[in-house]
Amino acid sequence: MSVRTRVAPSPTGDPHVGTAYVALFNYAFARQHGGQILLRIEDTDRVRSSDTSETAILEALRWTGLDWDEGPDVGGPHGPYRQSERIDLYREHADTLLRTGAAFRCFCTQERLDALRRDQQARGETPRYDGHCLALDPAEASERAARGEAHVVRLDVPGTGTCRFNDGLRGEIEIPWAQTDMQVLVKSDGFPTYHLAVVVDDHLMEISHVLRGEEWISSMPKHRLLYDRFGWEMPAHYHLPLLRNPDSSKLSKRRNPTGLDYYRRSGYLPEALLNYLALMGWSMPDEQEVFSLAEMIEAFDIERVSTGGPVFDFAKLDWMNGQHIRRLSPDEFMDRVGVWAINRTALAPLVPLVQQRTERLSDLVAQVDYLLGDRRPLASEDFDHKRLEPGDCKRILDHATRRLDDLHDWNRDTLHDSFRALAEAMGIGMRDFLAPLFIAISGRAVSLPLFDAMAYLGRDLVRARLRSALEALGGVSKKETKRLERSYREL
RNA sequence: GUCCCCUUCGUCUAGAGGCCUAGGACUCCGGGUUUUCAUCCCGGCAACAGGGGUUCGACUCCCCUAGGGGACGCCA
């Protein structure tokens, strides 16, 4: 049987470094075995999925240097590769489950479900659907459904016994069925949930090996049950460890840059990033640390993947990047600088900002240094201001960060509007409000227009600078975080 | 709270019962090369979570405890 793996991102946000991490292992594994890798877009969340996100993810993944044999952009024999275009397939399979009694229609209201969950949690139980609608007569249920009554389709999960399954890295794992919820398979909007879609697609797309994040282990019983109910053979599953913050929690954008865009813009070479990610959980048999993708494929062995959650270490990433940069020939080096930012496309947005402020061409570099490179390191004195206390600055930086995380369209005007509204809500004049932000973003009190600069830098770089500014102000304690959270909510 | 997973230097890891006086890399600290800096080279600090077993012998196997993480959504 030929090896087929897949990478299946959900287009609900910015391209994540974790996606590249999992994609890398899927890629190396498939290529190592002379198999194929495909890319599938998991856009079954109608509310959160967006085309913008999908485009950005594909582009970011391409930037890393990985590619795929089948996907929404390249086509292939198992398409479509976008789940939103496969709805009929899921409906058909849900019907099969309904017909065989493996699943049932559920008409319970959100209120009932919420109350149920509350009670169970109060009693210290794992929240789980109580099977209320299981008692419904299937014929009657489908009649109600046919009349258009809102409902979902749930998986019928046994209440007792144990589910056994195998994880390629950990061996056999047992989870009591009582821990597994009667998962919603089809939402009331007719779209499938992840669990139904992933099983149907992995089977139909002939995936032989699933390499995915560790957070899916607890969903294995649902998937195992679905494969069994469909009478399908289950692919081999390997759950990769999760990338961690320095405090060992799951890598999160609030604490670390998680966007691939951050790494690209900060001047990391994609091959260095990939090399570093490879080291997060895998090592060469001879412990060679600096290597190319081709060398990795050559030597890759899934058995050598370790299970402990690796902490993402920027110091080592920097060293790794330096290793790759120094190995470039002078010609390659010049080319890479060009590809990075010294090209017409990347520079074009800066022209309207700098041209009218320029008398000599040599003025240019000093004006854009913080846009092309890092801004200087900050100290708390940098935020001294005649009308703002350090506490005010913290509040502004914190609230700005929160507001930005909720901002969907990232451009000069939306940034302006959302900050104006925020300043007003906080009762601070726009001029004062912007002062700490200028420092945080540019490192200077006077610089190019703030919103243009932020638009140019992009989400990830801006988030990182705001966080580092907050740290320069002494950081935010747990207690302060709580207070700031409340203060933001009350705006 | 319940269930599951994980546990070697600060960090990433090697180690698949004797090769371990536990090796490498990053960071840090010394020293050398270099007009400065960086690179490069040399050296140093630093770990098998704890407790029971199994065995002639445990970092390696088993159990318990502790710690960390994840899951518990009509999100993926």
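Values in this document were obtained by computation on a predicted structure and should not be read as measured data. The chains referred to below are lettered A, B, ... by the order of the sequence lines, with proteins before strands, and numbering in each begins at 1.
Spacing of P atoms, B:A22 relative to B:G50, comes out at 15 Å, to the nearest Å. Between the C1' atoms of B:C61 and B:A25, the separation comes to 30 Å (whole Å). For the P atom pair drawn from B:C6 and B:U60, the interatomic distance equals 15 Å after rounding to whole Å. On the P atoms, B:U65 is 43 Å away from B:C29, given to the nearest whole Å. Using atom P as the reference point in both B:C41 and B:G24, the two lie 15 Å apart (nearest Å). One P atom belongs to B:G43, the other to B:C59, and the distance between them is 28 Å to the nearest Å. Here, B:G67 and B:U55 have their C1' atoms 29 Å apart, quoted to the whole Å. Nucleotides B:A38 and B:G18 place their C1' atoms 46 Å apart, quoted to the nearest Å.
Atoms CG and CZ, on A:Asp382 and A:Arg376 in that order, are 4.0 Å from each other to the nearest 0.5 Å.
One atom, CZ of A:Arg212, and another, P of B:C5, lie 16 Å apart when rounded to the nearest Å. Protein atom CD1 of A:Ile217 is 7 Å distant from nucleotide atom P of B:C6, rounded to whole Å. If you take CE of A:Met320 and P of B:U27, they are 11 Å apart, rounded to a whole angstrom. Between A:Arg224 atom CZ and B:C3 atom P the separation is 23 Å, expressed in whole Å. Here the P atom of nucleotide B:C26 and the CD atom of A:Gln288 are 14 Å apart, to the nearest Å. Between A:Gln120 atom CD and B:C3 atom P the separation is 15 Å, expressed in whole Å.
Put simply, the side chain of A:Ser53 gets close to the backbone of A:Gly13: a donor and an acceptor are under 3.5 Å apart. Under a 3.5 Å cut-off, the side chain of A:Ser188 and the backbone N or O of A:Val152 do not form any donor-acceptor pair.
Base pairing analysis places B:C37 opposite nothing; no Watson-Crick or G-U wobble pair with both distances below 3.5 Å involves it. When both distances must be under 3.5 Å, the Watson-Crick or G-U wobble mate of B:C19 does not exist. Pairing partner, B:C72: B:G1, with both Watson-Crick or wobble hydrogen-bond distances short of 3.5 Å. As the counterpart of B:A14, no nucleotide is assigned, since no Watson-Crick or G-U wobble pattern has both distances under 3.5 Å. A 3.5 Å limit on both hydrogen-bonding distances identifies no Watson-Crick or G-U partner for B:C59. Remark: B:G43 base-pairs with B:C29. Criterion, Watson-Crick or G-U wobble with two distances under 3.5 Å.
For the pair A:Phe312/A:Asn245, no side-chain contact is recorded, criterion being any heavy-atom separation below 4.5 Å from C-beta on.
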- Task: Decide side-chain contact (heavy atoms from CB on, under 4.5 Å) for A:Val305 and A:Tyr238; before the verdict, give the C-alpha distance in whole Å, the side-chain angles of both, and the deciding distance to 0.1 Å.
- Result: CA-CA 10 Å; A:Val305 173; A:Tyr238 296 82; over 6 Å; no
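Ion pairing between a basic and an acidic side chain is recognised when a charged N comes within 4.0 Å of a carboxylate O; A:Arg264 and A:Asp261 show such pairing. Look at A:Asp201 and A:Arg86 and you find a salt bridge, because one of the NZ, NE, NH1 or NH2 atoms lies within 4.0 Å of a carboxylate O, short of that distance. Using a 4.0 Å cut-off between charged nitrogen and carboxylate oxygen, A:Arg304 and A:Asp301 do not count as a salt-bridge pair. For the pair A:Arg62 and A:Asp73, the salt-bridge criterion is met [side-chain N within less than 4.0 Å of a carboxylate O].
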- Going 5' to 3' through nucleotides 60-76 of chain B and flagging B where a protein heavy-atom sits under 4.0 Å of the base, S where only the sugar-phosphate is that close, and - otherwise, we get --------SSSSSBBSB
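The side chain of A:Thr307 contributes an N or O atom lying less than 4.0 Å from OP1 or OP2 of B:U7.
Toward the 5' end of RNA chain B, the nearer of the two residues A:Glu174 and A:Gln323, judged by each one's closest nucleotide, is A:Glu174.
In plain terms, the two heavy atoms of A:Tyr21 and A:Pro310 that are nearest each other are OH-CG, 4.3 Å. The shortest heavy-atom contact between A:Asp69 and A:Gln36 is OD2-CA, 3.1 Å.
Counting non-hydrogen atoms under 4.0 angstrom, A:Arg123 reaches nothing in the nucleic acid.
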Atom pairs, N/O to N/O, protein against nucleotides 9-13 of chain B, distance under 3.5 Å?
from: B:C12; atom 1: OP1; to: A:Val311; atom 2: N; distance (Å): 3.0
from: B:C12; atom 1: O2'; to: A:Leu279; atom 2: O; distance (Å): 2.9
from: B:U13; atom 1: OP1; to: A:Gly281; atom 2: N; distance (Å): 2.9

